[in-house]
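Encoded as structure tokens, the structure appears first; notes follow it.
Only heavy atoms go into these numbers, but all of them, side chains included; no hydrogens, no water, no symmetry mates. Quick note on labels: first sequence line is chain A, next is B, and so on, each numbered from 1.
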Protein chains: 2
Amino acid sequence: MANVSSTADEILRCARSLIIGGGYNGFSYADISGVVGIRKASIHHHFPSKVDLVRAVVQRHVEEAAAGMAALDRHHPDPADRLRAYARYWAECVRDPANAFCVCALLASQIPVLPEEVVVEVRSHFRALSDWLTSVIQEGAKQGRLNLSCDARAEAEVFMAAVHGAMLSARAYGDDAAFRTIVTRLIDRLVADHDEPTKRAAPGA
Amino acid sequence: MANVSSTADEILRCARSLIIGGGYNGFSYADISGVVGIRKASIHHHFPSKVDLVRAVVQRHVEEAAAGMAALDRHHPDPADRLRAYARYWAECVRDPANAFCVCALLASQIPVLPEEVVVEVRSHFRALSDWLTSVIQEGAKQGRLNLSCDARAEAEVFMAAVHGAMLSARAYGDDAAFRTIVTRLIDRLVADHDEPTKRAAPGA
DNA sequence: GACGGCCAACCTACTGGTTAGCAGGCTGGC
DNA sequence: GCCAGCCTGCTAACCAGTAGGTTGGCCGTC
């Protein structure tokens, strides 16, 4: 909402990248203190408990994701292009170690040991992303730009799962190109299922 | 290799389910001590350090996975059936909270904070699984049972990513049915791409 | 008597969190 | 104009609890 102080902002950004690195139990207040150049107690001043901090990180991610999806909707009238732009965005993130995973996807893997407050935020992100992908795919099908092999919701769930799994594979292989390969395949299959089996030639085709 | 003592075995099983719950930093020796009914020091007797313990868990998982894939090869001559059996196996695991994730997939998400010894084991599992899926899909394509939209390796990478992502979605939604939905779609698309768009009628079709 | 399995007691480092308090900026009242 | 009062941002010092790990020794058995 209101713009928070730059220190709280820095703490959030730092916590975010630490979570992306190793999840909820993979970092401590001391880690943040070291990076931001502030004492542990000062972090507690901005975020009383670790739960508050992580929840704030996730909430911000959810907001930014919503804004990002809205921006994609605005800038890419063609649903196929919208999916490609979404993929490009994440491909760029995956290159940067501090950004190489979706905060919510990473936290989702640790849900059994996560505080409930964080779980609900993570869940809401999955719902929002699935909803958006469903709408994009639905629109693409209506316009004849995308070829679905089942209903849009199911197609969207497969898409989302594959994107998250691709982040995992990139990390496991230690090779960010793995992400791009998988996601490109995924989109090609949706966009050019019948006429262009392996590669898209030109956007207007 | 040689069958270890039942205590070491219990420790391994316990550590495994704890890792599945929250990853490398999501459990402690005290947690295991509580569940197995043994003192912390005794765990160190069997596994000198946490790295040794987790590496052993992953190594066992890799071995069991190899055995499982070999068994699927033996019991299911039809590659499409083999993929379905693989999916069924994991669908069953996902129902059980102590088994609801692939140990290697979960650890892969935390690679940046993992000791190198564990990382190499995790990586080798991803390679082995990708190799096996590639061989199954290749064989299915040769036999005309599967319809590929790209080369078998790429198809296998998409498949593996989607399966891992489906585990994540099931966890995020708190609904193990989400896993089955996604993976069923995924296989249907491979098996019955052209003649049965949404649902497989009978195995012999 | 050597060895495998186990444990009590202990260790150091670090965890998330609290407390009391300081410096500086902004306010209102005189 | 000035000062009291308050708020924000920050910190040193401290806390109890827990992390992974070590030591020395007990007990059975082969």
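Under 4.0 Å is where a charged nitrogen must lie from a carboxylate oxygen, and between A:Glu155 and B:Arg189 at least one such pair does. Taking 4.0 Å as the cut-off between side-chain N and carboxylate O, A:Arg88 and A:Asp81 do not count as a salt-bridged pair. A salt bridge is defined here as a Lys NZ or Arg NE, NH1 or NH2 lying under 4.0 Å from an Asp or Glu carboxylate O, and B:Asp131 with B:Arg127 fails to meet this definition.
Whole-Å rounding puts the A:His45 NE2 to C:dA23 C1' distance at 13 Å. Atom P of nucleotide D:dT8 and atom CD1 of A:Ile43 are separated by 20 Å, given to the nearest angstrom. Atom OH in A:Tyr29 sits roughly 8 Å away from atom P in C:dG16 (whole-Å rounding). Across the protein-nucleic acid pair, B:Arg39 atom CZ and D:dG24 atom C1' stand 18 Å apart, rounded to whole Å. Between B:Ile11 atom CD1 and C:dG5 atom P the separation is 10 Å, expressed in whole Å. Distance B:His44 NE2 to C:dT12 C1': 13 Å, rounded to the nearest Å. One interatomic measurement links the two molecules: CG of A:Asn25 to P of C:dG16, which rounds to 8 Å at whole-angstrom precision. A:Asp31 places its CG atom 14 Å from the C1' atom of C:dA13, with the value rounded to the nearest Å.
Side-chain N/O atoms of B:Ser130 and B:Arg153 include a donor and acceptor closer than 3.5 Å. Using a 3.5 Å distance cut-off with no hydrogens or angles, the side chains of B:Glu157 and A:Thr181 do not pair a donor with an acceptor.
Closest contact between the side chain of A:Ala41 and the listed nucleotides D:dT11, D:dG20, C:dC7 involves D:dT11. Here C:dC6 is the nucleotide among C:dT15, C:dC6, D:dG20 with the atom lying nearest to any side-chain atom of B:Ile38. Considering only side-chain atoms of B:Thr7, the nucleotide from D:dG9, D:dA19, C:dC6 that sits closest is C:dC6.
Between A:Ser42 and the phosphate of D:dT11, there is a side-chain N or O to OP1/OP2 separation shorter than 4.0 Å. Under 4.0 angstrom from either OP1 or OP2 of D:dT18 there lies no side-chain N or O belonging to B:Ser28. The phosphate of D:dC10 has OP1 or OP2 within less than 4.0 Å of a side-chain N or O from A:His46. Neither OP1 nor OP2 of C:dG16 sits under 4.0 Å from any side-chain N or O of A:Ser49.
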**Item:** Worked check of ring-ring contact (aromatic ring centres under 6.0 Å, His included) between A:Phe159 and A:His164
**Value:** CA-CA 9 Å; A:Phe159 189 92; A:His164 290 153; 9.9 Å; no

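Looking at heavy-atom distances under 4.0 Å, A:Phe27 makes contact with sugar-phosphate atoms alone, never a base.
Judged by closest nucleotide on DNA chain D, A:Lys40 is the one of B:Lys40 and A:Lys40 placed further toward the 5' end.
Although no hydrogens or angles enter the test, the distance criterion places a donor-acceptor pair under 3.5 Å between the side chain of B:Arg82 and the main chain of B:His76.
DNA chain C lies under 4.0 Å from no heavy atom of any residue of residues 106-119 of chain B.
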